[in-house]
Student: 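Got a structure for you, questions after.
Bear in mind that the values here come from a model prediction, so they are computed numbers and not experimental data.
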Amino acid sequence: QVQLVESGGGLVQVGGSLRLSCAASGLTFSTYNMGWFRQAPGKEREFVAAIRWSGGDTYYADSVKGRFAVSRANAKNTVYLQMNSLKPEDTAVYFCAADGSVLLNRRVRDYNYWGQGTQVTVSS
């Protein structure tokens, strides 16, 4: 059974930083591309960032370029999302997901496994 567990969310002021973690089990983590998505109340789930299985390539949504950074530690079966210069519009539940394809995908339907999400709230 595959399990992805996000952590590190919380309440932060505008301009602050958070680092999210996603711990994976039940799959060969180093062979999967990993993605981060977010979903705000009343909105569809939105792509945030993706990282190749090796950590060599990353891909970001335009809304977070220059502010967020995705990384991974394959020896720890963990992927991270460093979030800087946070804005109120970053408030959402953040999800990590695993993708066994050869592409750095951005669509929800392209990902095979999902975590339960962690809440990020940015206060203004």
Side-chain angles (χ1 to χ4, degrees):
Q1 60 279 18
V2 174
Q3 190 169 17
L4 305 176
V5 180
E6 301 94 338
S7 62
L11 177 65
V12 64
Q13 294 184 2
V14 170
S17 298
L18 286 173
R19 189 179 74 165
L20 307 183
S21 298
C22 174
S25 61
L27 78 168
T28 305
F29 180 75
S30 61
T31 68
Y32 280 80
N33 297 335
M34 298 295 296
W36 286 96
F37 293 76
R38 65 188 182 186
Q39 188 165 22
K43 299 184 69 175
E44 295 183 359
R45 193 164 297 186
E46 175 189 27
F47 173 78
V48 175
I51 184 167
R52 194 169 296 282
W53 61 268
S54 64
D57 298 290
T58 56
Y59 177 46
Y60 297 94
D62 288 342
S63 59
V64 306
K65 285 181 180 178
R67 300 190 298 119
F68 291 9
V70 61
S71 62
R72 66 193 297 162
N74 284 348
K76 298 181 179 180
N77 286 359
T78 301
V79 62
Y80 304 96
L81 184 68
Q82 179 67 46
M83 309 166 65
N84 300 321
S85 301
L86 284 162
K87 305 174 180 179
E89 52 262 44
D90 295 319
T91 295
V93 176
Y94 283 72
F95 300 87
C96 68
D99 174 16
S101 78
V102 300
L103 303 174
L104 290 180
N105 289 310
R106 65 181 181 179
R107 298 183 302 184
V108 168
R109 66 181 180 178
D110 292 325
Y111 284 78
N112 304 111
Y113 304 107
W114 292 85
Q116 84 292 341
T118 186
Q119 177 71 47
V120 172
T121 302
V122 184
S123 63
S124 60

Student: What do the steps show when you test S7 against T118 for side-chain contact (heavy atoms from CB on, under 4.5 Å), and what is the final call?
Tutor: CA-CA 6 Å; S7 62; T118 186; 5.6 Å; no
Student: Quick check: closest heavy atoms across A40 and A92, and the distance to 0.1 Å?
Tutor: N-CB, 3.8 Å
Student: Nearest 0.5 Å please: distance from the CZ atom of F29 over to the SG atom of C22.
Tutor: 7.0 Å
Student: Give the minimum heavy-atom separation between W36 and Y80, together with the two atoms involved.
Tutor: NE1-O, 3.4 Å
Student: How close do V14 and S124 get, counting heavy atoms only, and between which atoms?
Tutor: CG2-CA, 3.6 Å
Student: Indicate if V108 and V2 have the same hydrophobic cluster label, given that clusters are the connected sets of ILVMFWY residues with side-chain heavy-atom separations under 4.5 angstrom.
Tutor: no
Student: Kindly say whether S101 contributes a backbone atom to a donor-acceptor pair with the side chain of N112 at under 3.5 angstrom?
Tutor: no
Student: Decide, yes or no, whether a salt bridge links D90 with K87 under the criterion of side-chain N to carboxylate O below 4.0 Å.
Tutor: no
Student: Would L4 end up clustered with L104 when hydrophobic side chains under 4.5 Å apart are linked, directly or stepwise?
Tutor: no
Student: Only one of Y113, W53, Y111 clears side-chain contact (heavy atoms from CB on, under 4.5 Å) with Y32; which?
Tutor: Y113
Student: Can V120 and R38 be said to form a side-chain contact (heavy atoms from CB on, under 4.5 Å), step by step?
Tutor: CA-CA 9 Å; V120 172; R38 65 188 182 186; over 6 Å; no
Student: Identify the two heavy atoms, one from N33 and one from R52, that lie closest to each other, and give their separation to 0.1 Å.
Tutor: OD1-CA, 3.2 Å
Student: Any link between L11 and L20 through a network of hydrophobic side chains (Ile, Leu, Val, Met, Phe, Trp, Tyr) touching at under 4.5 Å?
Tutor: no
Student: Give the minimum heavy-atom separation between L86 and V12, together with the two atoms involved.
Tutor: CD1-CG1, 3.5 Å
Student: Would you call the rings of F95 and W114 parallel, tilted or perpendicular, taking 30° and 60° as the class edges?
Tutor: perpendicular
Student: Within the side chain of Y60, is there an N or O that forms a donor-acceptor pair under 3.5 Å with the backbone of V70?
Tutor: yes
Student: Taking atom CZ of R67 as the centre, report whether more than 12 heavy atoms of other residues, nucleotides or ligands fall under 6.0 Å from it.
Tutor: yes
Student: Quick check: are there more than 12 heavy atoms from other residues, nucleotides or ligands sitting under 6.0 Å from CD of E89?
Tutor: yes
Student: Mind listing the closest non-hydrogen atom pair of N74 and S30 along with its distance?
Tutor: ND2-CB, 3.7 Å
Student: Look up atom CD in E46 and atom CD in Q39, then write down how far apart they are to the nearest 0.5 Å.
Tutor: 10.0 Å
Student: Without swapping roles, check the side chain of T121 against the backbone of T91 for a donor-acceptor pair under 3.5 Å.
Tutor: no
Student: Taking the side chain from N105 and the backbone from R107, do they hold a donor-acceptor pair closer than 3.5 Å?
Tutor: no
Student: Please report the C-alpha distance between F37 and V93 in whole Å, then the side-chain angles of each, then the deciding distance to 0.1 Å, and finally whether the side-chain contact (heavy atoms from CB on, under 4.5 Å) criterion is met.
Tutor: CA-CA 8 Å; F37 293 76; V93 176; over 6 Å; no
Student: Quick one: do V79 and F47 end up in the same hydrophobic cluster if we chain Ile, Leu, Val, Met, Phe, Trp and Tyr together by side-chain heavy atoms under 4.5 Å apart?
Tutor: no
Student: Enter the distance from R72:CZ to C96:SG here, rounded to the nearest 0.5 Å.
Tutor: 10.5 Å
Student: Go through E6 and Q116 one step at a time and tell me if the side-chain contact (heavy atoms from CB on, under 4.5 Å) criterion holds.
Tutor: CA-CA 7 Å; E6 301 94 338; Q116 84 292 341; 2.9 Å; yes
